[in-house]
2 protein chains.
Amino acid sequence: MNELLHLKSAGLKSTLPRLKVLSLFESGNDRHLSAEDVYKKLLASGDDVGLATVYRVLNQFEQAGILVKHHFEGDKSVFELNQGDHHDHIVCLQCGRVEEFFDATIEQRQKKAASERGFELHDHSLYIYANCIKPKCKYKN
Amino acid sequence: MNELLHLKSAGLKSTLPRLKVLSLFESGNDRHLSAEDVYKKLLASGDDVGLATVYRVLNQFEQAGILVKHHFEGDKSVFELNQGDHHDHIVCLQCGRVEEFFDATIEQRQKKAASERGFELHDHSLYIYANCIKPKCKYKN
DNA sequence: TTGCAAATGAGAATGATTAGCATTAGCAGT
DNA sequence: ACTGCTAATGCTAATCATTCTCATTTGCAA
Ligand SMILES: [Mn+2]
Ligand SMILES: [Mn+2]
Ligand SMILES: [Zn+2]
Ligand SMILES: [Zn+2]
């Protein structure tokens, strides 16, 4: 019942759509999902939710700190469970595989770059676009 | 007449809209401009171009390597002159000021992060969102 | 000059995301 | 358990940036 705590502490009612979205992310099959991904997965599993509701819930969860939003190359944004650990992403340009990484040196040098120029770092986004080295890459022929 | 060379070598006809867009960037008043920015600036200076043409020209210039496109926080993308030097950006969340920086260590560790995980780095995007430290910040009250 | 492919411009179309609004469903208090 | 009220949902319509269509214009090579 971790989900309920999450929702309650965020001041959000425990509704069916919210629980479904949450458990989708907690099932852990895919960490990074777009609104459309979530919508389709729920439909596929027989759960009826409106696309608008999916968008709303995802944004509410982000504001509540339950999810984190990312903007990978392309138009649509993706969400993932916020597990406290900050990390950045490597995205395969061929198969779309997403790998997570954390580099303390990079983090530190970003802070330094900011402060040296009269800024106080609030946030950053770092995406590495790359190609899987075969044979891992499930390149779409 | 550097512009003409640019265009010719890219296989692009030297048309009025293209020359105007190019000289706008080369005037150097603002390095980072969105399509809308470019459109409005051209209109303001009495030059009539269609918005669609601006979009087309910007993308052609990007493909030709004349401009580089960035996706700062927010929806609209911005372009800047490609002067050969790669750099990343710090964006002030309050006043929108954009500062450029380059950190060899960060670059190198990105490459390493990728190769260590079976990727060949192709590209990356790094944006630092921060707040100007007063009194530099032209915060919009 | 002429001819013609390439480029332009105005507006329609697109695609992701959000807003509006009537209907439904949590849930606090009986 | 029953009421009532507010928040949440689910349509649909609206936004907003960007792209597409296509009739008209323009650069430029012969
Ligand atoms: Mn992640
Ligand atoms: Mn720049
Ligand atoms: Zn791959
Ligand atoms: Zn500022």
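Residue numbers begin at 1 in each chain, while the letters A, B, ... track the order of the sequences.
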Report the distance from atom [atom1] of [X] to atom [atom2] of [N], rounded to the nearest whole Å.
| X | N | atom1 | atom2 | answer |
| --- | --- | --- | --- | --- |
| A:His71 | C:dG15 | NE2 | C1' | 15 Å |
| A:Phe79 | C:dA16 | CZ | P | 14 Å |
| A:Leu7 | C:dA25 | CG | P | 19 Å |
| A:Leu19 | D:dA8 | CG | P | 13 Å |
| A:Lys8 | D:dA7 | NZ | P | 16 Å |
| B:Glu73 | C:dT17 | CD | C1' | 16 Å |

Side-chain contact, heavy-atom cut-off 4.5 Å: [X] with [Y]?
| X | Y | value |
| --- | --- | --- |
| B:Val38 | B:Phe25 | yes |
| A:Asp103 | B:Gln110 | no |
| B:His89 | B:Phe72 | yes |
| A:Asn82 | A:Ile66 | no |
| B:Glu26 | B:Leu81 | yes |
| A:Tyr129 | A:Ile90 | no |

Do A:Ser45 side-chain atoms and A:Lys41 backbone N/O form a donor-acceptor pair below 3.5 Å?
->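 Such a contact is found between A:Ser45 side chain and A:Lys41 backbone.
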
Scan nucleotides 3-10 of chain C nucleotide by nucleotide, 5' to 3', and note B when protein non-hydrogen atoms come under 4.0 Å of the base, S if they reach only the sugar-phosphate, - if neither.
-> ---SSBBB

Any side-chain donor-acceptor pair under 3.5 Å between B:His87 and B:Glu99?
->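 Side-chain D/A pair, B:His87 to B:Glu99: absent.
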
Side chains of A:Glu107 and A:His86, donor plus acceptor under 3.5 Å =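 Side-chain D/A pair, A:Glu107 to A:His86: present.
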
CD of A:Glu120 to SG of B:Cys92, rounded to nearest 0.5 Å, is 11.0 Å

Separation between CZ (A:Phe79) and CG (A:Asn59), nearest 0.5 Å, reads 5.0 Å

Bend of the helix from C:dT1-D:dA30 to C:dT30-D:dA1 from end-axis comparison, five pairs per end, nearest 10°, comes to 30°

Within the sub-3.5 Å range, which N or O atoms of nucleotides 13-17 of chain D have a protein N or O partner, and how far apart are they?
| residue | atom | partner | partner atom | Å |
| --- | --- | --- | --- | --- |
| D:dA17 | OP1 | B:Lys76 | NZ | 3.2 |

